[in-house]
2 protein chains.
Amino acid sequence: MADAFTAKGRATRARIVEGAALVLREQGVGFTTLDDIRGRTGTSKSQLFHYFPDGKDELLLAVAQFEADRILENQQPHLGQLDSWESWQRWRDVVVERYETQGDHCPSGALFLHVGRARPGARAIVTELMRQWQAQLARGMRALQAGGLVSADLDVERAAAALLAGLQGGVAILMSTGDSTHLKAAIDTGIEHLRASRGREGPREGEA
Amino acid sequence: MADAFTAKGRATRARIVEGAALVLREQGVGFTTLDDIRGRTGTSKSQLFHYFPDGKDELLLAVAQFEADRILENQQPHLGQLDSWESWQRWRDVVVERYETQGDHCPSGALFLHVGRARPGARAIVTELMRQWQAQLARGMRALQAGGLVSADLDVERAAAALLAGLQGGVAILMSTGDSTHLKAAIDTGIEHLRASRGREGPREGEA
DNA sequence: TGGAAAATGGACCAGCAAGTCCAGAAATTG
DNA sequence: CAATTTCTGGACTTGCTGGTCCATTTTCCA
């Protein structure tokens, strides 16, 4: 917490984390060495261990946290403003576009899929990320309910959990196969599920 | 293809692959050495390279294929017989139960999430696995359509893609956080989506 | 301004893991 | 049954990688 670093120190530390994140996204955790990171960030071995005394594990954890924060940031402001069908659509487009262009090396992949297991610290980071992500989706769904756009009977937490799972799986499949069909299908179907929940009136008008 | 192995050779090779699969599930790709595999399978270094001349990569690929085959097998006969709501429910229970008990070390995780990127060979295996999986889900949905249980208007491929994504994401989250809520929510919601598609009649009776 | 603390450079070390090699045992086959 | 091939054991090599150490420079602050 209380960092005994000077301004210069903090800058260097940040440079290391950001550079490491880049390398990790490209190469994957299993194929990245400290020397790769050293080279990319223009630092020396001693700096790495100066800022991360516990070595690689600590650095990896810092990168995981850094990436986790960025993932939600990258979806703003849309993710925080899901109160109309249009805003949901915008959010959907941002997510799809982002992951499609990032393709293989995206933050969540590197972090979530690889670091996921193993270290308990990483697990905590992922768990917290999922919790916040789902909370924001659920909040958006409640906003729709408040506007009468979605049935008040809808189990919001469950719908949000399902949508989040679909999104994650879509990204995972995109990263493994290069195909974004599943990601789009998952999100669109999830949103349609919300639309359809609204009582018994015909749930079709606005088209994807 | 044409293996120049004797019966004994084939048995040894199979022993290596199966044993390696076990170790890989437990430890993850990044933390498994050839010596671990050697120890577990009771083989020598030269045997490993005798049966997998290209070394670790080739062995890992063989394990990936082995696991991919098992994943679909494990869901049978249910996955091949999805022609009623009851059979869908049975399949759902099998999947949830299997992944819940397997927890961290499940075949698809080790294979899919870790090997996924990197080697192009692994990517092909994953792609083919996803293709087959989705095809079987789609086939089940068409069976429901044929029985009049699901609207003929349903875009079966898209619904199957979405369900598959939800399942994958649910498993990924389960493996990363230890919580199966998302997996259940994703599958159940996916099935409800099918139910709800049937015309305009009230889509609620059987509860999850 | 001068001493302490922080920051940096990079040589060095130790362990480990993939892969090589060859000798010898088991088996296949003509 | 002898020759050839396959199979197995395990010592050895080689390269890499995380981590240590200490000397040097820069920054801080009283």
Side-chain angles (χ1 to χ4, degrees), chain A residues 1-24 26-64 110 114-115 118-119 121-122, chain B residues 1-24 26-64 110 114-115 118-119 121-122:
Chain A
M1 296 299 133
D3 43 348
F5 294 128
T6 67
K8 187 181 184 186
R10 278 192 299 275
T12 302
R13 201 194 123 104
R15 200 177 72 236
I16 292 173
V17 171
E18 285 166 34
L22 238 63
V23 181
L24 284 167
E26 289 171 10
Q27 310 188 349
V29 177
F31 302 86
T32 300
T33 73
L34 288 185
D35 256 22
D36 294 333
I37 295 172
R38 216 181 45 64
R40 179 71 71 98
T41 58
T43 50
S44 69
K45 215 59 172 298
S46 72
Q47 280 173 292
L48 257 40
F49 283 86
H50 181 65
Y51 295 105
F52 305 93
D54 284 346
K56 202 179 187 182
D57 279 357
E58 190 181 354
L59 172 55
L60 251 42
L61 217 57
V63 173
H114 287 254
V115 178
R119 313 293 164 204
Chain B
M1 294 299 136
D3 43 348
F5 295 129
T6 67
K8 187 182 183 185
R10 278 192 299 275
T12 302
R13 201 193 124 104
R15 199 177 73 235
I16 292 173
V17 172
E18 287 166 35
L22 239 63
V23 181
L24 285 168
E26 288 171 11
Q27 310 188 349
V29 177
F31 303 85
T32 301
T33 73
L34 288 185
D35 257 23
D36 293 334
I37 295 171
R38 215 181 47 63
R40 179 71 69 99
T41 58
T43 50
S44 69
K45 216 54 171 302
S46 73
Q47 279 172 293
L48 256 39
F49 282 86
H50 181 66
Y51 293 104
F52 305 94
D54 285 344
K56 201 179 187 182
D57 279 356
E58 190 181 352
L59 172 54
L60 251 42
L61 217 58
V63 173
H114 287 255
V115 178
R119 312 294 163 203

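What you see is a predicted model, and the numbers here were worked out from it, not measured in a lab.
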S.K.: Given side chains that start at C-beta, do those of D54(A) and L61(A) come closer than 4.5 Å, heavy atoms only?
M.R.: no
S.K.: Run the side-chain hydrogen bond (donor to acceptor under 3.5 Å, both in side chains) test against R13(A) and tell me which residues pass, sequence neighbours left out.
M.R.: none
S.K.: With side chains defined as the heavy atoms from C-beta onward, is the minimum distance between L24(A) and L60(A) less than 4.5 Å?
M.R.: yes
S.K.: Let's see if you get this right: which residues in residues 37-54 of chain A place a heavy atom under 4.0 Å from DNA chain D?
M.R.: K45(A), S46(A), F49(A)
S.K.: Nearest heavy-atom pair of E58(A) and F52(A): which atoms, and what distance?
M.R.: OE1-C, 3.3 Å
S.K.: Nearest whole angstrom, please: distance from the C1' of dG18(D) to the CD of E58(A).
M.R.: 14 Å
S.K.: Enumerate the protein-to-nucleotides 25-30 of chain D contacts in which both atoms are nitrogen or oxygen and the separation is below 3.5 Å.
M.R.:
none

S.K.: Should F49(A) and L34(A) count as side-chain neighbours, where that means a heavy-atom distance under 4.5 Å?
M.R.: yes
S.K.: Taking atom P of dT17(D) as reference, at what distance in whole Å does atom CG of L59(A) sit?
M.R.: 15 Å
S.K.: Checking the side chain of Q47(A) only, and the main-chain atoms of S44(A) only, is there a donor and an acceptor separated by less than 3.5 Å?
M.R.: yes
S.K.: Do I16(B) and R38(B) have side-chain heavy atoms sitting under 4.5 Å apart?
M.R.: no
S.K.: Pick the nucleotide of DNA chain C nearest each of K56(B) and T12(A); which residue has the one closer to the 5' end?
M.R.: T12(A)
S.K.: Quick one: is dC16(C) close enough that its OP1 or OP2 comes under 4.0 Å of any side-chain N or O from T33(B)?
M.R.: no
S.K.: Within this structure, what is the CZ-to-P distance between R13(A) and dA6(C), rounded to whole angstrom?
M.R.: 16 Å
S.K.: Looking only at heavy atoms, what is the nearest atom pair of F31(B) and D36(B), with distance?
M.R.: O-OD2, 3.8 Å
